[in-house]
Amino acid sequence: MHYLARRTAVAAVTLLTVATLIFLLLHLVPGDPAEVLLSSGGMAPSHESVQALRLELGLDRPLGAQYASYLGRILQGNLGTSFQDHASISAEIAQRLPRTLELILASTALSLLVGVPAGLLAALRRGGFWDGLFASLASLGLSMPAFVTGTLLILLFSQTLKLVPAGGYVGFWESPGQHLIYLLMPAVSIAVGLIPVVFRMVRTSVLEFLEREWVRTARAKGLGERRVLTLHVLRNALSPVVTVIGLHLGTLLGGTVLVEYVFNWPGLSGMLVQAVEQRDYPAVQGIVLVICILFVLINLGVDVIYGLLDPRVRTR
Amino acid sequence: MTAPLLSVRNLVKLYGGRGGPFSKAAAAIRAVDDVSFDIASGEVVGLVGESGSGKSTVGRTVLRLNEPTSGAISFDGEELTRATPARMRALRRDMQIIFQDPFSSLNPRARVEEIIGEAVDLRGPLPRGERRASVVRMLEHVSLSADHLRRFPHEFSGGQRQRLSIGRALAARPRLIVADEPVAALDVSIQAQIMNLIAALQRETQVAMLFISHDLGLVEFIADRVMVMYLGRVVETAPTREIYRRPRHPYTRALLAATPSIDPRAARARPRVLLRGEPPSPANPPSGCAFRTRCAFALEACAVARPALRDIGGGHQHACLRDDIDTPRV
Amino acid sequence: MAKHVTQNLALAFLAGIVLLAILAPVLPLPDPIAMDVMNRHGSPSFAHLLGADEFGRDTLSRIAFGARASLAVAFIAAVLAGVAGVALGLVGGYFGGWPEILAMRPLDVILSFPPMLLALLTVALIGPGTETLTVLLAVLFVPTYARVAFGETLSVRHHEYVEAARALGHTAPRILFRTILSNVAGPILVQFSLVVAACILLESGLSFLGLGVTPPESSWGLMIRGARPYMYQAPMQLLWPCLALVLTVYSVNRVCDMLRDRFDPKAAVLWFPAPRKTARAASPAAVPAMGKMLDVRGLVTEIATPRGVIRALDGVSFSVRPGETVALVGESGSGKSMTGLSIMQLLPRRVGRIAGGEILYAREGAERSGASAAAAVDLARIPAARMRAHRGQEIGMVFQEPMACLNPVYTVGFQLTEALRAHGRMTKAEARARAEEELRRVGIPDPARRLNDYPHQLSGGMRQRVAIAIALCGRPRLLIADEPTTALDVTVQAQILVLLDDIRKMQGIGLVFITHNLGVVAEIADRVVVMYCGQVVEDGPVEDIFYRPLHPYTRGLIASVPQDGGSADKSRQLFSIPGTVPNPLDLPPGCRFAPRCPEAIAACTKAPPAMEAAGAGHQVRCIRWREI
C-alpha cells in the first residue's frame with residue numbers, strides 16, 4: 001500500500017532524527033560533556049573523575065566513531081548501563097514499559113468511552129441543558145493538570161474517605177482485582193484532561209457533519225435516524241477524533257510522567273524522574289529514546305487508522 | 001497593422017509531476033498546452049471553455065501570477081518571462097485582474113479607501129486629499145459613493161463587491177485587464193448590471209481585455225474575438241460574429257448546442273445532439289486531437305497527430321483535421 | 001447568558017491574578033522566603049491570611065510570588081515562541097518550496113519529542129532553573145505557532161485578494177506583513193492564549209517534580225510538592241495553590257474561547273427550542289386539489305440566523321400533477337431551495353422550521369379520484385417517523401453538489417444498496433444485483449465495476465448520475481431536483497437534463513426542478529413558478545412565462561439574459577434590474593419588488609399584493625399586471 005509505505009518511511013526518518021538529536025544534545029551543551037554531567041550546584045568536578053567518565057562513555061573518541069557505536073548499540077537494543085548501579089538500562093525499561101503502555105491505553109479507552117457519547121449527545125441537543133453542562137465540565141477538565149487531579153483524588157478518596165490506596169502497584173497475575181484498583185485513579189487522572197479534548201472534537205465534527213449534503217441525502221433516501229447518525233455522521237466524525245488524539249499524544253505522555261510520580265506507578269516515567277533527579281544521563285537518554293520510539297509508533301498507528309477510516313487518503 | 005499589446009507564444013503550464021523522495025512521480029497535469037494568441041490595444045478577447053480547460057490558468061500565467069513552464073509572453077514589446085522581479089512589479093500596474101469570487105478577492109481587513117487607494121498609489125504618490133478625491137471618483141465610476149470610503153468589504157453585497165474589484169483594477173489605469181469569470185458568482189439580475197458596467201468602462205477607457213468565461217452568452221455580448229479552449233489547447237478562434245454563426249470545430253458546435261436557450265419552443269424543436277462522456281483527465285490526455293474521444297466525427301487520423309490551428313480566412317482559425325463537416329445553422 | 005457571566009468572572013479573575021503578580025513586591029505582604037519554624041502549618045490569622053506552609057512561610061505571599069514566577073515564565077515564553085513561530089510559519093506558508101522546507105522541517109524534530117520529555121532531557125543535562133525553563137518552553141512552542149501560522153497563511157494565500165495584491169505589484173514583505181498578517185492574526189491570538197495556558201501547566205508540572213523553578217523561589221507547582229506529604233494534616237495548604245493554578249488556567253482558557261468566538265462568528269448561532277413532542281394538529285379535511293399529486297398551500301418556513309429569525313418562505317403555494325415538470329426559479333434568497341427542503345422535512349434541525357401552511361400530498365392514484373382524506377397526507381404535519389416512509393419511496397430528492405451529496409467514506413455500491421434495503425427487504429446479493437440495474441438505468445457504463453468505486457474516483461457527471469440513481473431506486477412518484485446541474489459543465493448539464501426528462505416521461509413521475517438558470521427552465525419545464533424574497537410572484541405554463549411574462553420581475557429576469565443575435569453594435573446594453581435583493585430581516589412593507597420595479601406606483605408600497613388569476617393556469621402577484 002502506497003500510503004502506508006510512505007508513512008512508515010516518514011516514521012523511520014523521524015526515529016533516526018530523534019536518535020541523532022538525543023546523541024547530539026550532550027555535545028551541543030556548552031562545555032566539556034563529561035564535566036557538564038558531573039558538575040552539580042556550581043561545584044567543579046575533580047579532574048580524575050572527569051577522566052574516568054570520559055573513558056567510561058568513550059567520550060575521548062572522535063564524534064563520528066561515537067555516533068556510529070551509539071547507533072550500533074541502539075540497533076542491538078543495548079541502551080547502556082546506569083551511572084547509579086551499573087544495571088542494564090534495557091532490562092529495566094523492558095520491565096517497566098508495559099506498565100506505562102497499560103496506563104496510556106486505559107486512559108485513552110476511558111476518554112473515548114466517556115467523550116464520544118457525551119460529544120454526540122451535546123451536538124444533538126446543541127444549545128440545550130446537557131450541551132451547556134458538558135461544555136462547562138470540559139473547560140474545567142482542560143484546566144486541571146494531571147498531577148493536580150491525581151493529588152486531589154488521593155486527598156479525597158485515599159486520605160479522607162479511605163476507599164482506595166494512595167498509590168502503588170500490584171502485578172496483574174498476582175491479583176487482577178487489586179491491579180485494576182491501583183490502575184483506576186492514575187487512569188482517571190490522565191483521562192480528565194483527555195476527555196474534554198475528545199468531547200469537543202466529537203461535538204464539533206458531529207455538528208459539522210450533521211449539516212453535510214450527504215447526511216441530507218441519507219435522510220432523503222428514507223434511512224432511519226439511528227442509521228443516519230451512526231453510519232453517516234459518527235463514522236465520518238471519527239477521522240478528526242483520531243487525528244486529535246494523535247496530536248495530544250505528546251501531552252498524554254507528559255501527563256503519564258507526572259501521574260506515575262504522583263501514584264508511585266512503577267512505569268517508565270517514574271524511572272525517568274528518578275534518573276533526572278540523580279542526573280543519571282545514560283538512563284535518561286535511554287528512556288527518552290524509548291518513549292520517543294513509542295510516540296512515533298503510536299503516531300504511525302494513528303496514520304494507519306486514519307487511512308482505514310478515509311478511503312480518499314488510502315487510494316490517492 | 002500595429003504590433004499587438006500582448007503577444008503569447010507557445011505557452012505551457014504544467015502542474016505537479018515532481019515526485020518527492022517518498023511519493024512516486026505523478027504524471028504532470030498539462031493545464032495549458034502550447035497556447036499562442038495576441039491581444040491588440042483596446043481589444044476584448046473572450047476565452048471560453050469548461051472547467052479544466054485551462055482558461056483561468058492562461059489568465060493567471062499571462063500576468064505571471066503563475067510562472068509559465070515554457071513559452072513567451074510579450075507585453076508592449078517587452079518579454080515578461082525575462083523581466084526581473086522589480087521590473088515585473090513595475091509592469092504590473094499596466095496589467096490588472098478581476099477575479100470571480102467577490103468574497104475572497106477583497107482583503108476583509110482593509111477599508112474601501114485602502115483597497116482602491118493602493119491601486120491609485122501605483123500611478124505615483126499623491127497628497128492625502130487628492131488621493132481620496134481620486135478614490136471617490138473611482139467609486140462614483142463604478143456606481144458607489146464617497147459614503148462607502150470607511151466601510152469594510154463584508155458590509156457590501158456580492159454585486160457591490162464586484163464593483164469594488166472593478167474599481168480597484170481600473171484605478172491603476174491599466175492597459176490590459178484579465179477578467180476571470182467576473183460575474184459567475186452573481187445572481188442573474190446583478191450579472192447584467194455588472195456586465196453593463198464592464199462594457200461601458202471598457203468602451204470609455206479603451207483598455208484591452210481578456211474576458212474569461214464559461215458562459216457563451218456573456219462572451220458574445222462583450223468580446224470582439226473569441227477563443228475556445230479544450231483540455232489546455234485552443235481549438236478555435238474567430239471574430240465573435242463569425243464563431244457564433246459559423247462554428248467550425250466539433251467541440252465549439254457541441255458547446256453552442258448544449259447551451260440552453262431561453263426560448264422554450266426553439267429549445268424543444270431543435271434536435272438533441274449530446275456529446276458523449278466527460279472531458280478526459282488533463283494528466284493523461286488522449287493522443288492526437290484531445291477532443292477525439294468525444295467527437296462524433298473522429299477519424300483514425302485524429303489519433304495520430306495533434307492538429308494545428310489552421311487559418312481559414314477572415315481571422316478564423318480552427319484545429320480540426322476535417323473540412324468536410326457541413327456547417328450547421330445555429 | 002450563563003456563558004457571559006462565567007466569561008466575565010474569568011476575565012476579572014485573570015485581571016486580579018495578573019495584578020497580584022505584578023504588584024507582589026510592593027504589596028504589604030510578608031517575605032515569601034522568611035521561614036518561621038514555630039508557625040509550621042499555622043492556621044489563618046491576621047498576619048497570615050491563608051496560614052503558613054511546612055516551613056512557616058506565609059501562604060498568601062507565596063501564592064502571589066508564585067503567580068509572578070508562573071505568569072512571567074509563561075508569558076515571556078509564549079511571546080518569544082510566538083514571534084519566532086509566526087515568522088517561520090508566514091514565510092513557509094507564503095513562499096512554499098525550499099523556504100517552506102527550511103522553515104518547517106526542523107520544527108518537526110521538536111514535534112517528534114513529547115514536550116515534557118524534551119524538557120526533562122534538558123534539565124537532566126543542565127539542571128533546573130527559571131531561565132532554562134523559559135528558554136526551553138519558548139523552543140517547545142515555536143512549532144505550535146509555526147504550524148498555525150503556516151496553515152492559516154496557506155489558506156489565505158489562495159484567497160484572491162492576496163493574488164490581487166501581487167497583481168498590484170506589491171513586494172513580498174509588504175504582502176506578508178500587511179495583507180496576510182492582519183488576516184491570520186485572529187487564530188494566532190487564540191493560539192497565544194492556548195500556549196500561555198500550556199506553559200503554565202508545564203512549568204507547574206516540572207516544578208512539582210522539583211525540576212522547574214528551584215527553591216527557595218516560589219511557584220505553585222513547588223507549593224503543591226511541598227504540601228503533599230502533609231495533605232492529611234494541612235489540606236488547605238495543598239488546596240490553595242491547586243485552586244490558584246486551576247482557576248488561572250481556566251480563566252486563560254475561557255478568554256481563549258472568547259477570542260475564538262470573536263474571530264469565528266460561525267459559532268454564534270441562534271437556535272429554536274427543541275420541537276415539542278406533539279406535532280402541529282393535522283387538519284383532516286385538507287386534500288390536494290383534483291388532479292394534483294402535490295399541493296403546497298400558504299407554506300411559511302422560518303430560519304434562525306445570528307441576527308434574528310427570518311421568514312425564508314412566506315405563504316408559498318404551488319402544485320404539481322403526475323408526469324409534470326414544475327420549475328421553481330429564483331435568485332439566491334428567493335426561498336426556492338427552502339421550499340424543496342420543507343417538502344422533504346429536511347430543514348436544518350433547530351435552525352429551520354415550518355411555521356404555517358400545508359404540504360398536501362396524494363398517494364398513488366388518489367389524485368385521479370379526487371383524493372379522499374385517507375389517501376392524502378399533509379407533509380408539513382406528519383411526525384418524523386411517518387415522513388421517513390415517504391422519503392425515497394414517495395418523494396426522492398437530488399441535490400446541487402454531486403461531490404458533497406455522497407458520503408466520501410463509502411463505496412457507491414454501499415450507498416445505493418443501503419437505500420434499496422431501506423425501501424424493501426432483500427438480501428445483500430439481491431440488493432447488489434438491483435444496484436447494478438439502477439446504475440445502468442441512469443446511463444453509467446460498466447456498472448458492476450462502478451459499484452466498488454468511492455465517490456472521489458468518479459467524475460462530476462457520474463456522481464450526479466449515482467445521486468439520481470439513489471433518489472430513484474425506491475421508485476418515488478415525485479422527484480425534487482435542487483439545482484442538479486449547476487455544478488456541472490454545459491455539455492454534461494445537457495446530458496443530465498435529457499436523463500431526467502427521459503426518466504420523467506418513462507415513469508410518469510412528477511418533477512420539481514429548482515434552478516436559477518432560465519435557459520434550463522426553458523428546456524425542461526412544463527410549468528414555471530417564479531419566486532422572489534420568499535414569495536411566489538408568478539406561476540404559469542412555460543410558454544406564458546417566457547412569451548407573455550406579466551410580473552415586472554419575471555420580465556426583468558428574462559430580459560437580463562444575454563441572447564444570441566449579432567454583436568455588431570458595441571454600444572448595446574443588457575437589460576438589468578436596478579438595485580439589489582432586500583435584506584430578509586428588513587423587507588419593504590408593500591410589494592417586495594417595488595423598490596427595484598420600474599413600474600412601481602405609490603399603491604405598490606402601501607399593501608402587499610395578492611396573487612391574481614391572469615389566464616388559464618397563470619397567476620401573478622402584481623396589482624398593475626393588466627396595465628403594463
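Numbered from 1 within each chain, the chains take letters A, B, ... in sequence-line order.
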> Quick one: CG on C/L168 to CD1 on B/I115, what's the gap to the nearest 0.5 Å?
Replying inline: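 One finds 10.5 Å between CG of C/L168 and CD1 of B/I115.
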>> Using the rule given for side-chain contact (heavy atoms from CB on, under 4.5 Å), can you reason through B/Q191 versus C/L574, listing the C-alpha separation, both sets of side-chain angles and the distance that settles it, and then say yes or no?
In response: CA-CA 9 Å; B/Q191 244 180 29; C/L574 289 174; over 6 Å; no
> Which heavy atom of C/Y547 sits nearest a heavy atom of B/P264, and at what distance?
Replying inline: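 Minimum heavy-atom separation between C/Y547 and B/P264: OH-CD, 3.5 Å.
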Heavy-atom proximity to chain B below 4.5 Å, by part of [X]:
X: C/R465; value: neither
X: C/D501; value: side chain
X: C/V162; value: neither
X: C/L488; value: neither

When only pairs under 4.5 Å are counted, which of [options] shares the most heavy-atom pairs with chain C?
options: B/H214, B/E118, B/M88, B/R265; value: B/R265
options: B/P85, B/S105, B/A200; value: B/S105
options: B/S104, B/A192, B/A258, B/A267; value: B/S104
options: B/L106, B/V178, B/T259, B/I190; value: B/L106
options: B/G158, B/G217, B/S143, B/S281; value: B/G217

Considering only heavy atoms, which portion of [X] lies under 4.5 Å from any heavy atom of chain C: side chain, backbone, both, or neither?
X: B/E114; result: side chain
X: B/R64; result: backbone
X: B/R109; result: both
X: B/R60; result: side chain
X: B/S51; result: both
X: B/D121; result: neither

Please identify, among [options], the residue contributing the most non-hydrogen atom pairs under 4.5 Å to chain B.
options: C/N183, C/V561, C/N517; result: C/N183
options: C/L557, C/V521, C/I524, C/T491; result: C/T491
options: C/T179, C/V156, C/V581; result: C/T179
options: C/G556, C/G519, C/A522; result: C/A522
options: C/E523, C/H159, C/H516; result: C/E523

> When only heavy atoms count and the cut-off is under 4.5 Å, which of residues 89-101 of chain B reach chain C?
Replying inline: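 Counting heavy atoms that sit under 4.5 Å from chain C, the residues of residues 89-101 of chain B involved are B/R89, B/R92, B/M95, B/Q96, B/I97, B/F99, B/Q100, B/D101.
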>> Are more than 12 heavy atoms, taken from residues, nucleotides or ligands other than C/R157, located less than 6.0 Å from that residue's CZ atom?
In response: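 Yes, CZ of C/R157 has more than 12 neighbouring heavy atoms, counting only those of other groups under 6.0 Å.
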>> Could you walk me through whether B/D263 and C/F546 satisfy the side-chain contact (heavy atoms from CB on, under 4.5 Å) test, starting with their C-alpha distance in whole Å, then the side-chain angles of each, then the deciding distance to 0.1 Å, before giving a yes or no?
In response: CA-CA 7 Å; B/D263 182 344; C/F546 280 93; over 6 Å; no
>> The criterion is salt bridge (charged side-chain N to carboxylate O under 4.0 Å, His left out); which residues satisfy it with B/R161, sequence neighbours excluded?
In response: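 Listed in chain order: nothing, the list is empty.
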Quick one: are [X] and [Y] in side-chain contact, heavy atoms under 4.5 Å?
X: B/M195; Y: C/P562; answer: no
X: B/P260; Y: C/Q493; answer: yes
X: C/R596; Y: B/S189; answer: yes
X: C/D489; Y: B/E278; answer: no

> Do any pairs count as a salt bridge (Lys or Arg N to Asp or Glu O under 4.0 Å) and have a residue in residues 183-192 of chain B, sequence neighbours left out, and if so which ones?
Replying inline: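 As it turns out, there is no salt bridge (Lys or Arg N to Asp or Glu O under 4.0 Å) pair with a partner in residues 183-192 of chain B once direct neighbours are skipped.
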>> Test side-chain contact (heavy atoms from CB on, under 4.5 Å) on B/L63 and C/E163; report intermediate values, then the result.
In response: CA-CA 11 Å; B/L63 298 187; C/E163 295 230 326; over 6 Å; no
> Quick one: ring-ring contact (aromatic ring centres under 6.0 Å, His included) partners of C/Y553, sequence neighbours excluded?
Replying inline: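 With sequence neighbours excluded, C/Y553 shows a ring-ring contact (aromatic ring centres under 6.0 Å, His included) to C/Y532, C/F593, given in chain and number order.
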